[in-house]
Amino acid sequence: MAQLCFGCMQKNNGEQICPYCGFDRSTEQNAPFLPLGTTLQDGNYIVGKKLSNNAEGAKYIGYSTNMGSTVIVSEFMPAGICGRAKGKTKVVIRGGYEEQYKKLNDEYLAYYRNIARLRELTAIAPIFDIFTENGVSYTVSEHYESIPFTEYISRSGGSIDWNTARPLFMPLIATLSSLHDAGIGHYAISPENLGVTSSGKLRLIEFAIKDIRSTGGFFDPELMDGCAAPEQYKNVGVLDEATDIYGFTATLFYALTGRLPENSNERKPDGKLSIPTAVFKRLPPHVVTALASGLQVQKLNRIQTFEEMRNQLSAAPTVKAIQNEVNRSAVQTQAAQHYPKKKEGVPGFVWGLLTVLACLLILLGAGIYWVIKNPDAFNFTNTSETSEEESQVSNADPNKINIPNLVGQRYEDLAAKQSADTGYKIIIAKDDEFNDTYEEGIVVSQSPKTGITAEKGVAIVVTVSKGSRNRELPAISGQSVETAVKALSAQGFIASGFYVENDSVEEGKVIGYENYNAGDLAPYGSKIIIKVSTGSSNSN
């Protein structure tokens with residue numbers, strides 16, 4: 001013990017400044033946290049530096065003398081209920097909170113005991129031990145080297161592509177599915193709560209009891225801005241698997257775009273979700289659809305399970321259709337080989353030739369099917385016309401829709417319709433464009449284009465007009481400063497002003513523009529200077 005550094009738990013021969021992490025051995029750990037060097041479980045665990053803390057308690061770096069390895073020691077010490085005197089290890093429960101503490105402690109133990117039973121899951125740190133000491137409860141879990149996911153994304157240039165994200169996130173989906181099958185939710189999945197190990201695997205960290213992850217409990221909720229689902233902001237919100245779907249999808253969105261979605265509370269009126277144009281153009285359509293489905297503000301419209309999320313992200317529907325066709329063909333071929341028909345004198349080379357031709361026809365049919373279902377794959381120009389036969393096929397299949405024409409429609413009207421079962425979801429391209437043809441708020445383009453048959457639930461990415469770049473300056477002479485600034489802001493201008501004496505315009509009213517006249521055109525976002533009257537110099 002004397003040779004361990006309490007900052008990293010490396011053996012450093014008792015040096016004052018650790019050569020591995022730079023920790024100063026004379027450092028004191030202030031109450032209410034455990035003093036450095038505290039031993040637990042009859043000396044089995046040595047407690048070092050505090051790594052983090054929240055309303056639930058604190059996490060320390062520790063050392064297991066039995067295993068001879070570094071561990072993470074978590075102490076349940078709920079804020080506002082527990083206290084500890086300087087230099088002491090015993091925890092004191094505030095008077096009148098004994099029953100509240102017992103309830104929370106029982107929840108803590110049940111929650112982490114359930115997690116401890118799932119040690120085989122690869123995306124969480126296994127829990128080695130759970131015990132009670134010093135009047136509170138502890139868990140001991142594996143310590144592993146990792147970097148924060150946010151740092152990983154930063155090192156990757158600010159975002160990653162789907163081919164890089166897929167092998168990272170799919171094992172996490174499997175772990176989250178198993179956790180929810182066992183009745184365990186995380187409810188704080190976010191870039192801050194993921195680590196990337198030295199082997200390139202994602203690890204989910206910062207588990208906590210549900211009381212900390214929702215509004216209306218004993219604690220002030222600790223919600224992840226941009227990743228918390230809308231129901232977590234409600235006093236009566238029910239947290240379930242769909243809640244973690246939202247956090248997972250928001251984190252995947254961050255990985256692919258370099259930014260988090262808008263706060264779910266701010267998205268609630270219309271569910272608006274925007275994505276950078278350059279990003280959605282390089283993402284497979286089924287991934288864009290999964291992002292839109294996983295980030296629905298209405299829980300019932302959201303992907304409900306991680307198994308469903310895995311299916312949506314695993315492969316595009318057309319690829320799966322082709323694979324199913326190939327599999328059926330393979331089964332039929334095997335059956336034909338197992339039960340060969342009598343050839344009745346037909347030469348063997350003829351049968352071989354027919355077999356080759358049959359295989360070519362199957363592949364050709366699958367290829368034609370794929371091209372029909374993916375008309376943008378080779379940058380072919382898609383027409384908006386759909387044949388009567390194609391329309392009938394689409395309408396006959398309840399799982400298919402014909403992509404509608406959204407161009408020329410007002411985005412707000414389209415967003416309002418999404419509360420009904422339209423068969424598609426809308427995402428806004430982040431890079432909205434100025435357009436002299438369409439007024440502000442009107443859809444100017446969409447992807448996929450109209451006339452394509454797609455799986456129901458497909459995401460349609462739309463670009464919305466910001467109106468003309470050059471805007472007309474409104475008449476503001478004689479108005480109050482507040483009224484003039486509002487009129488300019490409504491046109492997309494940035495207003496600033498200065499005061500001058502004026503005999504004809506009363507004090508506090510706008511005289512006019514410094515460099516423009518009412519009715520002139522100026523670019524959107526221009527800084528417009530206005531003159532404001534201080535009244536006549538002879539007024540006094």
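- Taking the charged nitrogens against the carboxylate oxygens, E433 and K466 have no contact shorter than 4.0 Å, which rules out a salt bridge.
- Taking the side chain as every heavy atom from C-beta outward, V287 and T289 never approach each other to under 4.5 Å.
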Assess the residue pair D129 and Y45 against the criterion (side chain to side chain donor-acceptor pair (under 3.5 Å)); give the C-alpha distance rounded to whole Å, side-chain angles, the decisive distance to 0.1 Å, and a yes or no.
CA-CA 10 Å; D129 203 354; Y45 303 113; 2.9 Å; yes
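- Listed by first and then second residue, the salt bridge (Lys or Arg N to Asp or Glu O under 4.0 Å) pairs involving residues 27-54 amount to none (not counting sequence neighbours).
- In this structure, a donor-acceptor pair under 3.5 Å is present between the side chains of N263 and Y233.
- Residues Q100 and L104 meet the side-chain proximity criterion, which asks for heavy atoms closer than 4.5 Å.
- A donor-acceptor contact closer than 3.5 angstrom is absent between the side chains of E133 and Y138.
- A salt bridge links R302 to E231: at least one charged side-chain nitrogen sits closer than 4.0 Å to a carboxylate oxygen.
- Using a 4.5 Å heavy-atom threshold, the side chains of L204 and L176 count as touching.
- Remark: of the listed residues H186, R213, H180, H180 is the sole one forming a side chain to side chain donor-acceptor pair (under 3.5 Å) with D244.
- For the residue pair T164/D161, the side-chain donor-acceptor check at 3.5 Å is satisfied.
- With salt bridges taken as basic N to acidic carboxylate O contacts below 4.0 Å, one links E307 and R310.
- Under a 4.0 Å N-O distance rule, the pair R84/E75 qualifies as a salt bridge.
- With hydrogens and angles disregarded, a donor-acceptor distance shorter than 3.5 Å links the side chain of D24 to the backbone of S26.
- No salt bridge links K103 with E107; every basic N to acidic carboxylate O contact stays at or beyond 4.0 Å.
- Judged purely by atom type and a 3.5 angstrom limit, S64 has no side-chain atom pairing as donor or acceptor with the backbone of G68.
- Using bins of under 30°, 30° to 60° and over 60° for the plane-to-plane angle, the ring pair F149/Y152 lands in the parallel bin.
- R203 forms a cation-pi arrangement with Y144, by the criterion of a distance under 6.0 Å to the ring centre and an angle within 45° of the ring axis.
- A donor-acceptor contact closer than 3.5 angstrom links the side chains of N402 and T453.
- Annotation: F248 is in aromatic contact with F169 [ring centroid separation under 6.0 Å].
- Seen from the ring of Y254, R259 does not count as a face-on cation partner, given the 6.0 Å and 45° thresholds.
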